[in-house]
Every structure is written in C-alpha cells, then in structure tokens.
Amino acid sequence: MNKKIAVIGAGNVGASCAMYLAEANLADVVLVDIIEGTPQGKGLDLTQAGPVRGYNAKILGTNDMKDIKGADIVIMTAGLPRKPGMSREDLLNKNADIIGSVAKEIKKHAPKSFVIVVSNPLDLMTYHMRNETGFEANRVFGQAGVLDSTRLRAFVAMELDVAMTDVQAMVLGGHGDTMVPLPRYTTVAGVPIGELIPKDRIKAISERTAGGGGEIVKLLKTGSAYYAPAAASVDMCRAVFCDEKKVLAASAYLTGQYGIKDIYIGVPVVLGANGVERILELKLNKSELGSLQKSAATYKEHLKIMGY
Ligand code: APR
C-alpha cells in the first residue's frame with residue numbers, strides 16, 4: 001500500500017507541496033482546503049500531469065478532513081500568507097485559530113501521523129499544533145530551517161558561481177527577523193566560506209538570508225514564497241519515509257538544549273523514521289548562542305500573548 005501524505009491548505013504552498021510530492025513518487029496525496037472546488041481542481045490538474053511527468057501518485061482534492069484518515073504525514077500549510085508590510089507575527093491570532101481547528105481533525109483522523117508545520121509564524125504555530133494535538137514532540141516539527149538554509153545555500157552558490165548542491169549551510173533560531181545564519185558552519189564542498197568569501201560579503205549574504213522571505217513578499221506583492229518552502233517540506237517527508245537520519249535545521253521542541261526550554265525553535269536535528277530523533281548541540285560561540293537565545297526570548301513573549 002502506498003504511503004499517504006495529507007496536505008492541509010491547497011493554496012500556493014500546499015499545491016506546490018502536492019506537485020513536488022507526486023514528482024518525487026513519495027506517496028499518495030490528499031489535498032484539503034475549505035474553499036470548494038480549489039483542492040478538487042488542483043488535484044485533478046496534478047493527476048492529469050502524471051502521464052507526462054511520469055508519476056502514478058493518486059492525488060485527491062477534497063474539502064472533507066475525514067479524507068486525511070490514516071495519513072502517515074500531514075503537512076500543515078493552511079493559513080493566511082503575509083502581505084507587504086506584515087511581519088510573520090502579524091498572522092499570529094488568525095493562524096492560531098486555524099491551527100486549533102485543524103489539529104482536532106488530525107488527532108481524530110490521523111492520530112499516528114507526523115505533522116510538519118509550514119504555517120506562519122512558524123515556530124509559534126508548531127508549538128500550538130503540538131499542544132493542540134497532544135502528540136509527542138518528535139512527531140510535530142516545523143519546516144523553516146531547511147528553507148532558510150536553502151536560501152543561504154543558494155546565495156552562496158550565486159556569489160561564488162558554484163553548484164548549489166555543493167553548498168551546505170546551517171541557519172538556526174526562529175523563522176523570522178531573529179533567525180541566526182551560521183557562516184562558520186557553511187561550507188562549499190567542505191571548505192568553510194570564510195576561506196572563499198570576504199567578510200563584508202558574508203555579512204551581506206547572511207542579512208539577505210534573514211530577510212529572504214520578506215524580499216519575495218515585496219516582489220510578489222500579493223503573498224509569500226512557495227516553491228522553496230514546498231521543496232523544503234518535501235525534503236523533510238523523504239527524510240522520514242526513507243529513514244535518512246538527515247541532519248537539517250528544523251523547528252523542534254527544546255527541553256534545555258542551548259539553555260532554552262519549552263519552546264519550538266530552529267536547531268539542527270536528525271530526521272528519520274521516528275521524526276525528530278535527536279537534537280544536535282553545536283559548540284556555538286558566545287555571539288551565536290546569544291543570538292539564538294535572544295531569538296528564543298522573543299518567541300517566549302509571543303507564546304505568552306497566545307495564552308501559554
Ligand atoms: N482548512 C484548510 N484550508 C484552509 C483553512 C482551514 N481551516 N483555512 C485556510 N485554508 C486555506 C485557504 O483557503 C488557502 O487556500 O489555506 C490556503 C492558504 O493558501 P495561500 O493563501 O495561497 O497561502 P500560502 O502562500 O500557501 O501560505 C500558507 O504557509 O508559508 C506559510 O506564511 C505562509 O502561513 C502561510 C502558509
């Protein structure tokens with residue numbers, strides 16, 4: 001029997017996830033949205049691309065959350081995207097309500113699933129999802145670090161005119177203005193970028209990474225990024241299904257690592273068949289650790305606003 005992935009929200013991110021999932025032949029996909037016709041239409045359209053693109057995944061579009069029954073992974077993309085001038089935190093209360101209602105359905109129909117949260121503000125919504133489902137922390141995690149790291153990887157590759165795939169990067173912290181790009185842990189085929197790129201350019205690239213989502217919001221004017229967020233989510237699904245034990249940055253629940261606890265924030269994790277199997281504790285220097293803890297403190301404040 002094929003694996004099953006439910007994608008909640010058939011908007012830009014959700015539909016792109018469904019497309020990449022089908023193309024990766026990873027699982028059958030159920031695409032759910034509250035807007036009548038949208039998931040059905042996109043599901044049918046994607047199904048009809050199958051013979052040309054060479055995939056056989058079944059893609060069901062639906063308005064009924066019952067159809068997520070038995071899903072192995074749920075990717076949560078439902079929610080409002082950012083508009084120009086909005087921070088991810090501006091979406092807080094609206095998206096928290098949506099997370100709450102979807103979490104109830106996940107608990108009912110896919111109680112054994114892993115949940116990957118993409119809805120913003122990411123780290124807060126992931127915390128809320130875990131609380132509302134009551135799932136173990138290893139089964140609920142947020143897609144953010146993979147996206148932020150892939151942005152940094154792309155910028156470094158563009159700077160040096162080298163293969164994107166040869167660049168490895170690590171971006172920690174919250175998925176927002178307080179994120180912490182780590183140039184010290186960013187390499188090109190194993191060579192630290194400090195040996196290849198001047199300091200002032202590394203600073204500029206790190207800043208562009210932190211503002212990477214905002215740069216796209218500004219350009220699009222009517223919404224936020226979706227291709228890279230979807231690609232990053234699908235990468236995480238593959239790590240779980242194939243038990244890859246992949247080391248990547250994800251929003252994970254901390255219980256004292258990096259001196260931070262009871263919060264979801266971006267850290268390096270080992271992602272495998274049991275979801276977040278381990279959190280890696282890097283030897284951060286004083287400034288890096290300070291930035292990560294500052295990022296965490298911001299989210300603690302936001303959690304308080306949400307009533308936690
Ligand atoms: N159940 C299912 N779908 C819902 C629900 C719900 N309760 N509430 C809203 N939706 C749907 C909307 O109808 C819409 O089709 O979620 C979809 C969101 O799609 P877009 O508006 O295109 O937003 P998108 O760009 O996909 O971003 C979704 O991901 O990156 C984050 O910040 C982004 O929080 C946003 C989310």
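Excluded from the calculations below are hydrogen atoms, water molecules and symmetry mates; all remaining heavy atoms, backbone and side chain alike, are included. Just follow the structure's listing: the first ligand is 1, and inside any ligand the first atom is 1.
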Give the residue, atom name and distance (to 0.1 Å) of the protein heavy atom nearest [atom].
atom	result
atom 14 (C) of ligand 1	D33 OD2, 3.4 Å
atom 31 (C) of ligand 1	V118 O, 3.5 Å
atom 6 (C) of ligand 1	I34 CG2, 3.7 Å

Numbering the atoms of ligand 1 from 1, which are under 4.0 Å from a heavy atom of [X]?
X	answer
G11	15 (O), 17 (C), 19 (O), 20 (P), 22 (O), 26 (O)
G79	9 (C), 16 (O), 18 (C)
I35	13 (O)
N95	34 (O)
T77	28 (C), 29 (O), 36 (C)

Just to check, does T38 reach to within less than 4.0 Å of ligand 1 when the distance is taken from its heavy atoms? no
Any atom of ligand 1 sitting under 4.0 Å from a heavy atom of S119? yes
Which segment of L80 sits under 4.0 Å of ligand 1 when only heavy atoms are counted: backbone
Ligand 1 versus N120, non-hydrogen atoms closer than 4.0 Å: side chain, backbone, both, neither? both
Strictly by modelled atom types, are N131 and Y308 linked by a side-chain donor-acceptor pair under 3.5 Å? yes
What I'd like to find out is whether the side chain of L122 reaches to under 4.5 Å of the side chain of V117, using heavy atoms alone. yes
Does an N or O from V13, backbone or side chain, lie closer than 3.5 Å to an N or O of ligand 1? yes
